[in-house]
Amino acid sequence: MEKKQCKVKVVIRVRPPLVSTEKISVSTKDNHVQIFNHRNINENLQYEFSAVYGSESTQQQIFNDCVKPLLPKALSGQNVSIFAYGPTGAGKTHTMLGTPLNPGVIPRVINELFAEIDRLENSEDNEWEYSVSFSYLEIYQEKVQDLLEPSGSDLPIREDAEKNILVPGLAKKQIHNFDEFKNIFGPASNNRTVAATKLNEHSSRSHSIVQLTVVKKKPCRILHGKIYLIDLAGSEDNRRTGNQGIRLKESGAINKSLFSLGEVVDAINNGLPRIPYRNSKLTRLLQDSIGGTCHSVMITNLAPEERYYYDTYCTLNFATKSKKVVNSTVVRETVGIVKPVPQVRKPSPERKEEGPS
Ligand code: ADP
Ligand code: MG
């Protein structure tokens, strides 16, 4: 099969402030995000992305813009992955899962997938039959754990002769409609709770991955598409990783997969000949779903409050690694007041960042 390098699309979503009295340090305009420069608070740092969603953005908008256009690709045998990346508390789970009244990417994908299959199967000259199955796993401390049929063991990741990545022991359930999905997904999500003493601590350190397999067949032809929907571990782990540099390997607590994901996204987006998929479980699992002919979107979630400043700064630098950081003159914002700051500074290009002193 011919492989074409395909960039990972990186978009930003800033959640609304949760408490109206808190100081805000993130502002958005068009496809720019802006924060102050901790080295000189009279200056701002501005980052540009292919799309930036501010605090007024809706679940529907995120789905329609970033996710829905990719579903027909999965229905025609291609692979798609959607990640939510960002610090704990920035809205990853809200974006991916949402609430029953305000559903996120996962339930919307399931709904739209079945609606689209319905349309396709009922169109006049249809000769294809579609089926959808679903697996659910998490990667916690570099161990692959099945959430549908938890066994406690670390499942191996393999590659078949056609370079498809598979997890041989992973449970796979066929689903025919949204309710079937809900009935399996709900209880399976609780398996994350059972496995951990503190859910928050656990969920912020594990990657949860919904894998949908979409099979399209007619006599003598069969196409397999995959959709990965990923709620990544909190990126504040990544900060520790970055700071510790060479000591990374010595520390059992840091998140190797998240660090490797950064390297992989960077390598793909910079067109490097070798993509380091094998450096972690997450990137190995996603080897056939990021890069190659696959379609990937990373939704980078940010919290606007000033107390998240350093996580925001690190997350923006991670998300923007292959792009240039430009300086700007615009605003530093506190709730209810917008103060223009009239300073301009030429940014130093891609220096090694060490964090606030
Ligand atoms: P994460 O999964 O990144 O740790 P959560 O999704 O749990 O973060 O979000 C943290 C809090 O912020 C939750 O109370 C969540 O309901 C709220 N929240 C996140 N994003 C939004 C949003 N876009 N609109 C309203 N509330 C949000
Ligand atoms: Mg979460």
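Remember, it's 1-based here, ligands and their atoms both numbered in the order they're listed.
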- Message: Test of understanding: clusters of I, L, V, M, F, W, Y form through side-chain heavy atoms closer than 4.5 Å, transitively. Do Ile62 and Val11 belong to the same one?
- Response: yes
- Note on the structure: In chain-and-number order, ligand 1 lies under 4.0 Å from a heavy atom of each of Arg13, Arg15, Pro16, Leu18, Pro87, Thr88, Gly89, Ala90, Gly91, Lys92, Thr93, His94
- Applying side chain to side chain donor-acceptor pair (under 3.5 Å) between Asp154 and each of Lys143, Lys281, Gln141, report the one that passes. Lys281
- Task: With sequence neighbours left out, write down each residue that passes side chain to side chain donor-acceptor pair (under 3.5 Å) with Asp118, or none if nothing qualifies.
- Result: none
- Phe178 and Phe181 aromatic ring geometry - parallel, tilted or perpendicular at 30°/60° bounds: tilted
- Worked verdict on Trp128 versus Arg221 for side-chain contact (heavy atoms from CB on, under 4.5 Å): CA-CA 9 Å; Trp128 297 93; Arg221 276 197 78 187; 4.0 Å; yes
- Task: Determine, step by step, whether Arg205 and Glu138 satisfy the salt bridge (Lys or Arg N to Asp or Glu O under 4.0 Å) criterion, reporting the C-alpha distance in whole Å, the side-chain angles of both residues, the deciding distance to 0.1 Å, and the verdict.
- Result: CA-CA 10 Å; Arg205 291 181 165 276; Glu138 70 173 0; over 6 Å; no
- Item | salt bridge (Lys or Arg N to Asp or Glu O under 4.0 Å) between Glu116 and Lys68, intermediate numbers included | CA-CA 11 Å; Glu116 183 62 18; Lys68 196 177 170 185; over 6 Å; no
- Item | Common cluster, Tyr313/Tyr308, ILVMFWY with side-chain heavy-atom separation under 4.5 Å | no
Taking distance alone, no hydrogens or angles, what donor-acceptor pairs closer than 3.5 Å link side-chain atoms of residues 168-177 to residues at least two apart or in another chain?
from: His176; atom 1: ND1; to: Glu180; atom 2: OE1; distance (Å): 3.0
from: His176; atom 1: ND1; to: Glu180; atom 2: OE2; distance (Å): 3.4
from: Asn177; atom 1: OD1; to: Asp179; atom 2: N; distance (Å): 3.3
from: Asn177; atom 1: OD1; to: Glu180; atom 2: N; distance (Å): 2.9

- Excluding waters, which protein N, O or S atoms are within less than 2.8 Å of the Mg ion (ligand 2)? Thr93 OG1
